[in-house]
Peer 1: 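Just dropping this structure here.
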Amino acid sequence: MKYDHVKIEKKWQKEWAKNNIYKTGSNQKKPKHYVLDMFPYPSGQGLHVGHPKGYIGTDIYSRYKRMNGFNVLHPMGWDAFGLPAENYAIKNKVHPEVAVKKNIKRYKEQLSILGFDYDWEREINTTDPEYYRWTQWIFLQLLKKGLAYESYEPINWCPSCQTGLANEDLEDGKCERCKSVVEKKPMRQWVLKITDYADRLLKDLDNLDWPESVKESQRNWIGRSEGAELEFSIKDREEKIRVFTTRPDTLFGATYVVLAPENPLIESLKEDIPNWKEVKKYLDKAKAASDIDRSAEGREKTGVCLEGVAAINPANQEELPIYVADYVLGSYGTGAVMAVPAHDERDYEFADAFDLPLKTVIQPLIVKTAGDDAVQPGKALEERSAVVCIVKHWSEDKYLCSRWKKNDWKGFVIGGIEQGEDIGQAGIREIQEETGYQDVGFLTGVTTVHSQFYHAVKKVNRFAHFQAAFFQLKNGKRKETAEEERELHDVVWLTAEEVENFLNREDMKLIWQAFRGNLLYEGNGILANSGAFSGQDSESAKQAITKAVSGKRVTKYKLREWVFSRQRYWGEPIPVIHCPHCGVVPVPEKDLPVTLPKVKSYAPTGTGESPLAAIKKWVNTTCPTCKGKAERETNTMPQWAGSSWYYLRYIDPKNKKALIDPKKEKYWQPVDVYVGGTEHATRHLIYARFWHKFLYDIKAVGTKEPFKLLKNQGLISGPDGRKMSKSLGNVVNPDDIVERFGADTFRLYEMFLGPFEQGNLWSTDNIVGSRRFIEKVWRLAEKVDSKKKADEPELEALVHKTIKKVSDDIERFSFNTAVSGLMILGNEFEKAESISRVNFGIFLQLLAPYAPHITEELWRWLGNKKSIHLEAWPRYSPAKAADSLVTVIVQVGGKVRGSIRVNSDSEEETVARKAQEAPEIGKWLEGQTVKKTVYVKNRLINFVV
RNA sequence: GCCGGAGUGGCGGAAUUGGUAUACGCGCACGACUCAAAAUCGUGUGUCGCAAGGCAUGAGGGUUCGAGUCCCUCCUCCGGCACCA
């Protein structure tokens, strides 16, 4: 009989649908497993071969869980509101509703030929009024709690999509959809207060079993930083400047203050600013520039001094100039900073450009935590002050460097400062003793660096206070040095460039940098020039100084509020009514859903109003409160609204009374496995977590986090290594592949390509390997001997090892290695005379999640009446998997010299004797004495000689 | 710049806990079957070497009886954030 994939696959897909074998179980006594795919956005292009990868993964996983006795929820649906569908509709001159229907139909067809186990009775669609009724309901709850509000702040406006956008919708300051540079536009908009949840969104990441990269992206996005707000008063004025800083310990080093161009304080100081014209010009320019201009302009710092006004440093009452500069953002912190050029790179650059002074108040503290000279815990730190001598040659442009002989230190001449000495005296003495040079002149001190490390020669933890100083030799006059000095180090003359590469200690590198004129240091350290706080370390000084100047400790986030309104047609109407008497009135819950009116013209207006505003019949309504004339809100929700809670609706998709039945929610939540692409790391996955936490707070759900385990499938690129896209012409259509090779082969191949979470290249040439395997399985069926009770012991053992391997591999999403295990078993079956029915059945069951059609066909052919997909997963028997004979590797001196076969669980002595007797081993042991024998049971024996 | 992930044959990749590096597959070579071809099956396939044996997991060092795996220094690639004070 020939293997006809077309016939077999069609037949079983029909049969499964007819018998509804993948219907979600409802017996709540059974354990549950909720396996979820990120639902697709049905575009006009249809699916390419890259799309199903994640779906195949969840299909295998959910089939495996079902066979293991779980109630499995594995649903599918459509995310269909938003710009892509609307733009497609405008371009193709069809109504978005029609286009979406058509696209969904196409997607569903493409998915169905792959034989997935979705429970289609639970299909949802975000554009269905019965669905978005509850999206609107959630909005009303947010409104009730004050987490949704109207705002007039300037927002990001995409001139091409003609709508406002959220921060998350930008990529490098451009619209993520169309790559247009966005503008700042002041307009009325709805905003969700996601920042109220910033802290919880951040903290709860720690307990999620998610890819580290996604968690890290979210941490970056939320961008928590702890710091302080400090007040600088303005000389001869009432106003104060509030600045936010994470480094209050550097307050004494502030040499100027900068206001963001957006800071309203500037306007109020107007009459005191003689150069107002210049200032105003700068402000206008900054306002006109987009964010991308502000950061792109070669990053050169620009700004203008507010002449005539001065800020007072609250720490020491010093008068500081005030600047306006666009490197300070109006939308973060307080829109004002204290500038500490010695300890902040941006301030350093600005001070450099504007010739502002620099004041060092932090002396670096280097603590070695790794390597041979890492501070050893438990040992006391021994403090010592030392002079570090940078010595210049008497005639050449070279510096004297020192290389320690007993440890790997490369640095300068260093020595302790003895009592009564100043650094000049100490340095001169050290240079004479250590190098023999006699005529040394002290020029100047350079910097101080504190350093904690383990001194490997002296065997102590050292806390060194390195005071660097600059010396120059007057001539080359030199005396012989003492022998113990020569044993300790060599000295060499190096050019400045050579010194740079020579130094291998961070503390010495910092000293050299300072000597070369780079006084910027951004790390923590020990305070200097800071009045009473000098000598304290940064960490404690942060609190002490904040307290001393009556500052406030605060936490700030990069995360911005979620701009939630779009001036477009194709979205959920925001369910509020604007009444001239009552203001903003929520639509009563009983009136939901507020349905999107059917219109002829849905193109964006570009005026900042949604196209809905033109539909007077829809807009005009009565106020639910005063019953007077009122108007509907015409903005719609962003694309991300519907997807922020869809995973809940699958649990109870037809509930008319509530978003979800609490009993069902309790049983099915959370999602056990969630699979999708990395592109959703900071949008969908933050929004959904935010809404979920909100729903938790209003007791609509019982879990704090929606998705327990997250897996990102890697992208399948085109054969050319580029992302598949129609415009590049490298799209491979899955329908064609399935027609030629069959869905089973296609599924198997996509899983065999490589690790699930890694990207791969599609190659239609390589798929033959998977096809050959499937055909091999087909042929193997003919070798089944129903009378045979068992196969030979090694094959029996392999069958059971494979049960374990495939099970473990599916559990950890290592689908490629499971396929490899099945191939190995298939190859062994092929070598055997015949195969017992039991073992071939096990093989089919293990393969069933990957290749559901062929395994079903052969399973029935073996005489089984029930679908293979409803059978119990094969049970692994460790006893059957155990080999009676094992191969033990024999090593001599750590090198593999052969192997022996021994009874499993043999004693070390038996194995050692047998190994030594083997001829190919014996020759390596001849004339050697075995010092030690290392035996790893059933694996390896190593004779150390 | 900061953070995260990775680097293994001609190619995709395996090695789950420190224990035979290169499983499985593709490709390639040779052979069987065939009038022939395709398909299928078999054998071989890291590298140097006739061989014995040596050398190989981005580079260099270290720990260990033993390192792709652990530690240190560095290089390259991919991803996230980036004037966020």
Side-chain angles (χ1 to χ4, degrees), chain A residues 172 211-221 223-225 227 243-247 250 258 260 291 294-295 297 299 301 325-329 331-340 343-347 349-350 370-374 408 504 522 556-560 678-679 681-682 712 748-749 752-755 757-761 763 765-770 772-773 775-776 779 805 808-809 811-812 814 816-824 826-827 830 887-899 923 930-937 939-945:
Chain A
D172 295 328
E212 207 41 54
S213 61
V214 176
K215 292 209 259 183
E216 206 49 37
S217 291
Q218 294 210 352
R219 287 189 190 111
N220 281 340
W221 194 261
R224 180 191 153 98
S225 55
V243 303
F244 173 67
T245 178
T246 54
R247 294 297 301 271
T250 64
V258 190
D291 280 358
R294 269 173 73 159
S295 55
E297 272 174 53
R299 302 176 114 207
K301 296 273 183 293
D326 67 4
Y327 81 91
V328 173
L329 306 176
S331 53
Y332 182 77
T334 57
V337 304
M338 64 180 209
V340 185
H343 305 294
D344 181 279
E345 195 184 358
R346 297 146 304 183
D347 299 340
E349 282 172 14
F350 189 84
D372 295 339
D373 53 351
D408 188 32
N504 67 350
E522 295 192 290
K556 298 276 179 196
Y557 300 91
K558 283 201 294 186
L559 185 73
R560 302 292 147 84
T678 46
E679 67 273 20
T682 48
N712 289 129
L748 198 78
Y749 177 60
F752 189 57
L753 269 175
E757 300 199 71
Q758 189 182 297
N760 331 91
L761 300 188
S763 152
D765 294 337
N766 285 350
I767 200 172
V768 294
S770 302
R772 280 178 198 154
F773 174 69
E775 284 175 9
K776 185 181 287 184
R779 282 198 311 274
K805 176 164 181 59
D808 291 351
D809 285 353
E811 291 277 4
R812 64 191 180 98
S814 181
N816 56 329
T817 53
V819 174
S820 145
L822 288 164
M823 284 175 168
I824 291 170
N827 291 345
E830 196 168 43
T887 305
V888 171
I889 300 309
V890 184
Q891 296 186 336
V892 178
K895 295 215 170 194
V896 179
R897 296 304 182 189
S899 63
K923 80 178 184 202
V930 175
K931 278 194 254 171
K932 191 171 135 188
T933 308
V934 180
Y935 178 56
V936 183
K937 199 168 157 193
R939 298 198 83 134
L940 167 144
I941 185 157
N942 184 11
F943 298 109
V944 184
V945 291

Peer 1: Counting heavy atoms from C-beta on, name the nucleotide in B:G25, B:G19, B:G53 closest to the side chain of A:F752.
Peer 2: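 Closest nucleotide to the A:F752 side chain: B:G25.
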Peer 1: Roughly how many Å is it from CG in A:N766 to P in B:C11, rounded to a whole number?
Peer 2: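 After rounding, the gap between these two atoms is 13 Å.
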Peer 1: Give the C-alpha distance, both sets of side-chain angles, the deciding distance and a yes or no for salt bridge (Lys or Arg N to Asp or Glu O under 4.0 Å) between A:R247 and A:E522.
Peer 2: CA-CA 10 Å; A:R247 294 297 301 271; A:E522 295 192 290; over 6 Å; no
Peer 1: Give the nucleotide from the list B:C24, B:A82, B:C83 with an atom nearest to the side chain of A:D326.
Peer 2: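 Nearest to the side-chain atoms of A:D326, counting from C-beta on, is B:C83.
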Peer 1: What's the closest nucleotide to the side chain of A:V936 if the choices are B:G13, B:G19, B:U20?
Peer 2: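 Of the options given, the side chain of A:V936 lies nearest B:G19.
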Peer 1: So, OP1 or OP2 of B:G12: does either fall under 4.0 Å of a side-chain N or O from A:S763?
Peer 2: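 Result: no.
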Peer 1: Under 3.5 Å, is there a donor-acceptor pair between the A:N220 and A:K558 side chains?
Peer 2: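 Distance-only check fails for A:N220 and A:K558.
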Peer 1: Figure out the CZ/C1' separation between A:F244 and B:C83, and round it to whole Å.
Peer 2: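 Rounding to the nearest Å, CZ of A:F244 and C1' of B:C83 are 15 Å apart.
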Peer 1: From the list B:C24, B:G4, B:C26, which nucleotide is the closest neighbour of the side chain of A:E212?
Peer 2: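 Within the option list, the nearest is B:G4.
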Peer 1: Heavy atoms, side chains only, cut-off 4.5 Å: are A:K776 and A:N827 in contact?
Peer 2: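 A side-chain contact exists here, since the closest heavy-atom pair is under 4.5 Å.
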Peer 1: Any side-chain N or O of A:K895 under 4.0 Å from OP1/OP2 of B:G19?
Peer 2: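 Checking A:K895 against B:G19: no side-chain N or O falls below 4.0 Å of OP1 or OP2.
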Peer 1: Need the glycosidic conformation of B:G9: syn if within 90° of 0, anti if not. Which one?
Peer 2: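 Here B:G9 takes the syn form, which means its glycosidic angle is within 90° of 0.
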Peer 1: To the nearest angstrom, how far is A:I824 atom CD1 from B:G25 atom P?
Peer 2: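 It works out to 8 Å between those atoms.
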Peer 1: Would you indicate, yes or no, if B:A85 has its OP1 or OP2 atom less than 4.0 angstrom from a side-chain nitrogen or oxygen of A:Y332?
Peer 2: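 For B:A85, OP1/OP2 do have a side-chain N/O of A:Y332 under 4.0 Å.
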Peer 1: When you measure from the side chain of A:Q758, which nucleotide among B:G19, B:G25, B:G13 comes out closest?
Peer 2: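 The answer is B:G13.
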Peer 1: A:E830 side chain: which of B:A85, B:C65, B:C41 is closest?
Peer 2: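 Comparing B:A85, B:C65, B:C41 against the side chain of A:E830, the answer is B:C41.
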Peer 1: What is the nucleic acid contact for A:D765, judged by heavy atoms within less than 4.0 Å: base, sugar-phosphate only, or nothing?
Peer 2: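 No contact.
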Peer 1: Can you tell me how far P of B:G12 sits from CG of A:L753, to the nearest Å?
Peer 2: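 The answer, rounded to whole Å, is 12 Å.
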Peer 1: Name the closest nucleotide to the A:V896 side chain, picking from B:A85, B:C81, B:U20.
Peer 2: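 It is B:U20.
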Peer 1: For B:G46 and B:C28, measure between their C1' atoms and round to the nearest Å.
Peer 2: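 Taking atom C1' in both B:G46 and B:C28, they lie 15 Å apart.
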Peer 1: When the P atoms of B:G10 and B:G58 are considered, how many whole Å apart are they?
Peer 2: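 Taking atom P in both B:G10 and B:G58, they lie 14 Å apart.
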Peer 1: Please tell me if the side chains of A:V819 and A:Y749 come closer than 4.5 Å, counting only heavy atoms from C-beta onward.
Peer 2: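 Not touching, per the 4.5 Å side-chain cut-off.
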Peer 1: Taking only N and O in the side chain of A:R779, is any of them less than 4.0 Å away from OP1 or OP2 of B:C41?
Peer 2: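 Yes, within the criterion.
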Peer 1: Side chain of A:T817 only, please: which of B:C24, B:A14, B:C65 is the nearest?
Peer 2: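 The nucleotide sitting nearest to the side chain is B:A14.
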Peer 1: Would you indicate whether the side-chain heavy atoms of A:M823 and A:F752 approach each other to under 4.5 Å?
Peer 2: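 Contact flag for A:F752/A:M823 side chains = yes.
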Peer 1: With a 4.0 Å cutoff (strictly under), does any side-chain N or O of A:R772 reach OP1 or OP2 of B:G25?
Peer 2: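 For B:G25, OP1/OP2 do not have a side-chain N/O of A:R772 under 4.0 Å.
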Peer 1: Taking the side chain of A:Q891 as its heavy atoms from C-beta onward, which of B:G80, B:A85, B:G19 lies nearest to it?
Peer 2: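 That would be B:G19.
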